[in-house]
Amino acid sequence: MIKVNNIIKSYGKKGSVFKALSDVSFSIPEGSTVAIVGKSGSGKSTLMHIMSGLDHPDSGSVTVGGQELHTLKGRAMDKFRANEMSFIFQAFFVEANQTCYQNVSLPLEIADEGHRQKRIENALDQVGLKDKIHNKAGSLSGGQKQRLAIARAIVNNPSLIFADEPTGNLDSATGEMIIKLLFKLNRKNKNTLVVVTHDDELADRCHYRITLKDGKVIHFSENKKVSKKQ
Amino acid sequence: MKIVDISRRSARNLKQAKARTLLTALAIGVGAFALTMTLAASNGAQAYVNRLINNNFDPTELLVAKDETIFGRGDNSQPQEYDPSFGSVSSASGAPIQVKQVTEEEVNKILQYPLVEGVREGVILNVQYVTRQGQKKYIANIQDFNPARNPEALAGSIPRPLSDSSVLLPEAYVSKLGFKNAQSAIGQEVIIAIRKSLSSQILESGVAPRSLQEAEAIADKSTVLVPFTVAAVLKPEPAQPGTELSLQISSKAAKNLNDIATAGTSQYRQYTTINVKVRDGEDKAKLKQVQEQLRKDGFSSQSVEETQEFLTQIINVLKAIVAAFGIIAIVASVFGVVNTMYISVLQRTREIGLMKALGMRRRDVSRLFRFEAAWIGFLGGALGSGFAFILGTLLNPWITQKLDFGTQKLLIFKANQIAVLILLLVLVAIFAGLLPARKASKLDPIEALRTE
């Protein structure tokens, strides 16, 4: 279970306090897909940052696999993130000058894991980039770059993958392919996938849909159809 | 994260910015070049000094004088009162210096010291000329042969001890004195002409010259011709410039010639410096003991080691000057490294953000950049030192020839020195990379990953 409990987060100093999240709570089972939707400024990025431990809430807690995230300090937090979480971004953030192999290798290096060659090949195979393993990331198309980012996200087999507008920079056909890939991998690898998006179509295909407005959860629903299909 | 992974990643980052890396490294390289050359040149100078000293001095001997001035310790800034018993010397600038002399009695007194084995007066005198039957006359300079020296002989061999009627002839005189070659000079006789002092000329002739002609006639008559047998022909010694025209004879023979030249003057049997041989002088304590005794009796003395120290000091000052320039170059290059590293951090803000989001520790992020700086330092050091080494090795024969150093190399490169230098530059570069590395490690991943 991933539990989010009474998260409150505000920015700014006295007088001009901006409440980014006020009392956000929900819980989702592990291995599911969750869409966090809302307009820009609704607090979805802040929620993602807090759920991933990059940011600290003013109050409230996030529990991932029984571990209360924000009680972890410094090194322990880094270690937990290195082993349990990964990210996919709208702008890919792959290193253009490095080969696909080197890009995917990064999380393994950070987590200090062995058997890299095999794991990297396997991850690239899952996203269909195995033949590009020694190509520079800069030579890839947008869709390929995002697939590479996905390979980097799954190589360490984390329990939680955050995808921040994963299709935002892609045309609809390529975006569709990426979405299919993400869900396919979710079914296969059983990692929890948290997608931050304002794409309703994408949100509809997730098990859970959390809609934020002005820092509050205004809608939480389970998509039975998707759940059943699994 | 493993050190090897961090190191590999930082090396890769540098490779991606080749021009920038190379230029920054070159700045360090300039300093490394200067320092490597300085080290090599001072090694060479040190070796040269050591050779000079070992060829010319006996480490068991002490150089003894009555006057501190000889060792550059006295004060000559004030006019000195004239003293006829003093010898007078011109300083390098031509200013007159009178130097207190060591007398015969004092020599004998020193010979009584329990630890003293012998005294060599170290006579250097300009004789009137040197010649041979039926040959022209040539001016010459006579030196007493220092038994501790082992000069290279072109022909013949140096007898030990050198007999009082033998002479070691410099190569330059072989053809001038009409010998076919060095070998044919061996065993032949050469004549050294020495003129008695003016006062003894007048005393011996018993008449006072009333014209220049008369005076010259007296002087000619009072020229003493001393025959010597050539024992060996010496190769010019490049480590001892200025001695290529010195004829060397035994200490006793030199003293005799000196006596002839100085009889009747205040300089008779007076010596500016003498060489005191200490029994078992390899033992520094014994040298010190004799020096102490000499000091009590009013002499000043210098061991070979001290002489060497003085020369070494000069070399050290020169070294320090060049090294200072090298260090200035390196200090300047530090700013280059800082600048480059800051640019590197800025360029890779997103990458740093990603790495931190993926759980990379702050320490490792900082390390990544410190390694990058270290690589730049290493590259600069290796380039500068390597270039210095190649250039030095190529130029060495040419420089040696130009400076007439003989077999001595001016630039001596030592691998361990270069290794230490490169290591030092790596440390300097890491130091320069500290601030940018800190900036990188403190980067907020949320800010860094904000798209736009």
Side-chain angles (χ1 to χ4, degrees), chain A residues 11 20 40 45-46 48-50 52-56 72 74-99 101-114 116 136-138 149 152-153 155-156 158 161-162 164-165 168-169, chain B residues 1-22 340-341 343-372 375 437-438 440-452:
Chain A
Y11 292 110
S40 52
S45 289
T46 306
M48 185 188 89
H49 292 147
I50 288 174
S52 62
L54 286 176
D55 209 347
H56 281 260
L72 293 171
R75 200 176 166 170
M77 173 71 98
D78 284 336
K79 201 162 179 219
F80 187 80
R81 262 214 311 266
N83 290 325
E84 305 294 337
M85 294 178 185
S86 65
F87 297 84
I88 296 163
F89 300 94
Q90 178 175 4
F92 323 135
F93 292 166
V94 292
E95 286 307 313
N97 289 320
Q98 296 177 7
T99 63
Y101 183 94
Q102 288 161 352
N103 266 290
V104 178
S105 172
L106 181 65
L108 295 179
E109 287 174 33
I110 289 172
D112 213 350
E113 304 249 344
R116 289 183 199 160
K136 287 268 159 93
R152 184 177 62 195
V155 70
N156 208 13
I161 297 173
F162 294 96
D164 190 358
E165 303 280 12
N169 273 17
Chain B
M1 202 163 171
K2 282 203 173 66
I3 295 285
V4 57
D5 289 326
I6 295 176
S7 163
R8 205 183 300 143
R9 277 202 175 259
S10 48
R12 204 186 293 146
N13 290 336
L14 286 176
K15 247 191 263 164
Q16 277 154 22
K18 280 192 195 78
R20 191 177 69 195
T21 304
L22 204 65
T340 301
M341 294 309 297
I343 293 172
S344 182
V345 171
L346 278 179
Q347 273 188 345
R348 282 155 52 211
T349 301
R350 259 193 217 160
E351 193 188 348
I352 298 163
L354 176 77
M355 289 191 287
K356 291 187 88 171
L358 290 177
M360 187 154 161
R361 297 177 55 195
R362 267 175 64 167
R363 200 185 67 179
D364 288 340
V365 173
S366 163
R367 254 195 207 146
L368 188 68
F369 286 90
R370 278 182 287 155
F371 266 81
E372 207 172 308
W375 276 113
R438 210 172 110 92
S441 73
K442 283 196 155 180
L443 214 76
D444 177 7
I446 298 173
E447 286 298 317
L449 288 172
R450 203 151 273 171
T451 352
E452 254 100 48

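Reminder, nothing fancy here: chain letters follow the sequence lines and each chain counts from 1.
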Q: Return the option, out of B:R9, B:E351, B:K15, with the maximum number of heavy-atom pairs under 4.5 Å with chain A.
A: B:R9
(Q) Using heavy-atom distances under 4.5 Å, tell me whether B:L354 contacts chain A through its side chain, its backbone, both, or neither. (A) side chain
Q) Under 3.5 Å, side chain of A:S105 to main-chain N/O of A:Y101, donor-acceptor pair present? A) no
Q: Take B:K442 and B:R362 through the side-chain contact (heavy atoms from CB on, under 4.5 Å) test and state the conclusion after the steps.
A: CA-CA 7 Å; B:K442 283 196 155 180; B:R362 267 175 64 167; 3.7 Å; yes
Q | chain B contact via A:Q102 - which portion, at a heavy-atom distance below 4.5 Å | A | both
Q: Could you tell me which portion of A:E113 (side chain, backbone, both or neither) has an atom closer than 4.5 angstrom to a non-hydrogen atom of chain B?
A: neither
Q.
Can a donor-acceptor pair be found, under 3.5 Å and without considering hydrogens, that links the side chain of A:R81 to the backbone of A:G53?
A. yes
Q: Without swapping roles, check the side chain of B:S344 against the backbone of B:T340 for a donor-acceptor pair under 3.5 Å.
A: no
Q: Please flag which part of B:D5 lies under 4.5 Å from any non-hydrogen atom of chain A: side chain, backbone, both or neither.
A: both
Q | Spacing of A:F162 atom CZ and A:H49 atom NE2 [to the nearest 0.5 Å] | A | 10.0 Å
Q.
If you apply the rule side-chain contact (heavy atoms from CB on, under 4.5 Å), what do you find for A:Q90 with A:D164, and how did you get there?
A. CA-CA 6 Å; A:Q90 178 175 4; A:D164 190 358; 5.7 Å; no
Q. What part of B:K356 gets closer than 4.5 Å to chain A, counting heavy atoms only: side chain, backbone, both or neither?
A. backbone
Q. Chain A heavy atoms under 4.5 Å from B:R361: which part of the residue, side chain, backbone, both or neither?
A. both
(Q) For A:E95, which atoms come within 4.5 Å of any heavy atom of chain B: side chain, backbone, both, or neither? (A) side chain
Q | Among the listed options A:E84, A:M85, A:E165, A:R152, the residue most often paired with chain B at heavy-atom distances under 4.5 Å | A | A:R152
Q) Highest number of heavy-atom pairs under 4.5 Å with chain B: which of A:D55, A:L54, A:L106, A:N156? A) A:L106
Q: Taking B:T21 for its side chain and B:A17 for its backbone only, find out whether a donor-acceptor pair lies under 3.5 Å.
A: yes
Q) So which of A:D112, A:N83, A:V94, A:D78 has the largest heavy-atom pair count under 4.5 angstrom toward chain B? A) A:D78
Q. Is the A:F89 ring parallel, tilted or perpendicular to the A:F87 ring (thresholds 30°, 60°)?
A. parallel
Q) B:Q16 versus chain A, heavy atoms under 4.5 Å apart: side chain, backbone, both or neither? A) side chain
